[in-house]
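For reference, the structure discussed in these notes is given below.
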2 protein chains.
Amino acid sequence: MNSKDIAKIVGVSRSTVSRVINNYPDIPQATREKVLKAIKEYNYYPNASARRLAGMKSSTLGIFIIDIKDNEKPHHVIENNEDLLYGNSYFSPFINAFIDQSNKAQYHVLVSTIYSSDELWKIQSAFYEKRIDGAVIIGSSSIDYSKIFEIMDKDSITVAVDLDMEKENTGTVMSVNINNYGGVSDAIDYLVELGHKDIAVITGDLNKLSGKIRFESFKDALLRHGLPLNNDFIAYGDFTENSGYEGMKKILASGKKPTAVFTSNDTMAIGAYRAIKEYGLKIPEDISVMGFDNSYISQYMSPPLTTVNVSLPEIAKCSIELLLDSINNKEIKNRQKTVNVQIVKRNSCKKIV
Amino acid sequence: MNSKDIAKIVGVSRSTVSRVINNYPDIPQATREKVLKAIKEYNYYPNASARRLAGMKSSTLGIFIIDIKDNEKPHHVIENNEDLLYGNSYFSPFINAFIDQSNKAQYHVLVSTIYSSDELWKIQSAFYEKRIDGAVIIGSSSIDYSKIFEIMDKDSITVAVDLDMEKENTGTVMSVNINNYGGVSDAIDYLVELGHKDIAVITGDLNKLSGKIRFESFKDALLRHGLPLNNDFIAYGDFTENSGYEGMKKILASGKKPTAVFTSNDTMAIGAYRAIKEYGLKIPEDISVMGFDNSYISQYMSPPLTTVNVSLPEIAKCSIELLLDSINNKEIKNRQKTVNVQIVKRNSCKKIV
DNA sequence: CTGAAAGCGCTTACAG
DNA sequence: CTGAAAGCGCTTACAG
């Protein structure tokens with residue numbers, strides 16, 4: 001079943017069939033209805049590739065999850081399936097939110113994962129092969145981005161999430177970020193309000209924008225409150241649970257015990273919880289813990305984690321807006337968007353006297 | 001940049017360029033190399049739509065997540081973004097596993113979500129529009145499946161996950177399921193081995209194959225061990241946390257207290273934990289809890305949940321194998337596959353005397 | 001081994 | 001308002 005068949009059935013030309021499909025204005029109501037009826041009756045769907053080839057948009061958006069952990073190991077070396085994205089609890093909700101939002105906007109979505117620098121060409125090829133009209137890139141550190149944007153065609157429409165625009169912006173890439181700075185600022189204000197003065201930090205991966213900004217904001221907040229930045233109270237993590245665990249142990253081993261610790265994401269808070277419990281300390285009685293992300297799991301931790309909510313659906317929505325506006329050649333006012341965050345208070349932080 | 005340009009540059013015909021791209025055998029090494037060099041140098045990627053139109057596969061697989069909660073509400077009525085798939089912790093890992101496996105097999109993947117019966121046409125259209133070569137369908141209850149398979153073309157290659165083949169199998173659909181029966185069987189054996197005799201159950205959605213089989217297996221296991229099936233110890237849930245909570249409350253309110261409860265998935269175990277704690281009971285001292293799925297969160301519950309591991313990557317792998325074999329017209333021996341499961345013992349079940 | 005040409009199924013100026 | 005025709009960028013018999 002193709003447009004020629006439908007044309008024959010209805011007794012019009014393929015041009016006319018095409019015109020009603022594409023909602024051209026100058027079709028008499030009667031003709032339009034006849035065609036629509038046949039389309040429905042014969043269950044006809046226009047071939048997407050043919051439409052694309054004839055110049056239409058592919059009406060699909062791409063999402064590229066970059067998860068390069070180890071630049072020495074190319075993809076084909078990774079043998080354990082379980083190690084792949086599957087285990088990545090952070091990106092999943094974003095992917096899902098993005099799919100939902102795209103589907104709502106009548107767009108299909110093509111998802112690809114990238115595990116090594118060698119696979120960065122996938123992004124370029126998806127554009128060059130004309131599979132997608134636009135794409136969102138998430139999860140990379142700044143090193144990868146510059147590479148990507150170097151390869152990519154200047155009119156491949158893409159928005160990057162969590163990208164440091166200062167360095168890479170060639171004027172061609174859009175970005176959406178969350179208000180990392182404000183979130184951490186609020187978090188520390190809250191801790192101070194609760195009476196905490198000895199606040200430790202476990203940083204995220206400082207090669208990622210979120211890791212960098214959150215740490216900067218932390219330091220600024222301490223300064224603002226006239227609190228000391230004790231070197232023993234800084235542990236450098238990388239957003240993984242294990243680094244949270246090790247970081248917390250390092251801090252606890254320093255002898256001086258902080259009354260509160262800010263972990264730069266929830267995943268590291270899980271590790272920190274474990275270390276704290278191993279030291280026989282209780283949360284929040286002995287030490288308060290504050291996370292960041294409000295990940296799905298945070299509410300189920302014991303005690304439920306006080307953290308900073310990041311709306312993944314909101315990020316997805318902003319990304320898609322930027323993408324669609326750009327695809328439709330709309331005037332874009334702001335190629336950078338920032339999504340707000342807010343503290344969610346649970347039971348892992350207590351007031352001290 | 002298209003194949004004609006490359007042809008001109010190298011000094012051959014488009015046919016030849018196409019032949020090297022598609023790895024035809026009879027090309028002299030020298031010619032092949034020249035063409036490849038130009039392709040690389042000019043960063044040429046063949047237009048996917050054109051290839052598709054000329055008869056090639058689209059080399060993309062579809063994944064349709066069916067999440068029809070409420071047949072009265074069509075999709076456009078759902079206003080709260082947060083309610084969508086985003087919150088669905090069960091499908092996410094499967095989606096990710098499927099993407100990873102497909103990407104490895106050099107396939108792209110198109111993801112779509114379906115929130116109401118009105119959207120079931122999406123599956124059909126993806127095939128008819130020739131966007132995908134095959135698809136996996138997950139998350140539906142039997143009611144939806146029969147509808148889907150009715151609409152769908154007999155040669156749309158699809159595998160259904162968690163589908164009751166007895167009813168719907170028209171001989172055209174493939175399926176992969178986990179060994180629900182064996183998993184529950186082992187789970188109850190384990191509980192009995194621990195000395196439990198009064199075992200309660202919170203069922204899943206009995207309209208889903210997994211819900212149905214898990215409950216059947218539970219009943220059979222009790223029978224096999226000569227244990228009574230106490231009506232007060234049965235609560236009918238639907239796989240959601242809240243139904244686990246309500247179910248557990250109902251069981252606890254019955255007066256007689258079971259020594260163990262089997263919740264048909266981990267999500268309901270979360271709810272059950274909450275109810276048990278509200279009753280001032282301790283896990284596993286007062287009551288043992290056994291889940292199913294080994295979801296990401298189960299290890300972080302307090303106490304860590306004893307459950308049955310389901311390998312989502314394995315399910316994804318099986319689905320893709322079936323799909324690819326079918327796409328490549330390979331002889332398919334078994335159109336049904338079953339993935340094994342195994343108990344993972346943690347601290348929510350204790351031995352009683 | 002390789003080129004000219006037809007064909008895949010659409011859309012869209014163009015002409016009427 | 002509508003049809004005939006060109007063109008999108010490939011692949012693949014066909015002929016040599």
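As a basis for the values below, the full set of heavy atoms in this structure was taken, side chains included, without hydrogen atoms, waters or symmetry mates. Keep in mind that this is a model prediction, so the values were computed, not measured. So that the names make sense, note that chain A is the first sequence line, chain B the second, and so on, each numbered from 1.
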Open item on the list: Of the listed nucleotides (C:dC1, D:dG9, C:dC10), which one gets closest to any side-chain atom of A:Asn2?
Closed with: C:dC10
Open item on the list: Below the 4.0 Å mark, does C:dT11 have OP1 or OP2 next to a side-chain nitrogen or oxygen of A:Asn22?
Closed with: yes
Task: Donor on one side chain, acceptor on other, B:Asn22 and B:Arg51, under 3.5 Å - done: yes
TODO: Examine D:dC10: is either OP1 or OP2 under 4.0 Å from a nitrogen or oxygen in the side chain of B:Tyr44? Give yes or no.
DONE: yes
Task: Atom-pair distance (CG on B:Leu53; P on D:dG9), nearest Å - done: 12 Å
Task: For atom CZ of B:Arg32 and atom P of C:dT2, their distance in whole Å - done: 10 Å
Open item on the list: What residues from residues 13-21 of chain B pass a heavy-atom cutoff of under 4.0 Å to DNA chain D?
Closed with: B:Arg14, B:Ser15, B:Ser18, B:Arg19
TODO: Tell me whether the OP1 or OP2 atom of D:dT12 has a side-chain N or O from B:Tyr24 closer than 4.0 Å.
DONE: yes
- [ ] Could you tell me the separation between the CZ atom of B:Phe98 and the CG atom of B:Asp100, rounded to the nearest 0.5 Å?
- [x] 11.0 Å
- [ ] Could you check A:Ser3 against B:Pro28 and say which one's nearest nucleotide on DNA chain C is further toward the 5' end?
- [x] B:Pro28
Task: C:dG9 OP1/OP2 closer than 4.0 Å to side-chain N/O of A:Ser49 - done: no
TODO: Select one nucleotide: of C:dC10, D:dC10, C:dT2, the one nearest the side-chain heavy atoms of B:Thr31.
DONE: C:dT2
- [ ] Decide yes or no for B:Asn177 and B:Lys337: does some side-chain heavy atom of the first lie under 4.5 Å from some side-chain heavy atom of the second?
- [x] no
Task: Spacing of A:Met56 atom CE relative to C:dA13 atom P, expressed in whole Å - done: 11 Å
Task: Distance-only side-chain donor-acceptor flag, A:Asn43 / B:Gln124, under 3.5 Å - done: yes
- [ ] Whole angstrom is fine here: how far is it from NZ in A:Lys130 over to P in D:dC8?
- [x] 13 Å
Task: 5'-to-3' dot-bracket of DNA chain D (Watson-Crick, G-U; under 3.5 angstrom; crossing pairs as [ ]; | other strand) - done: |||.||||||||.|||
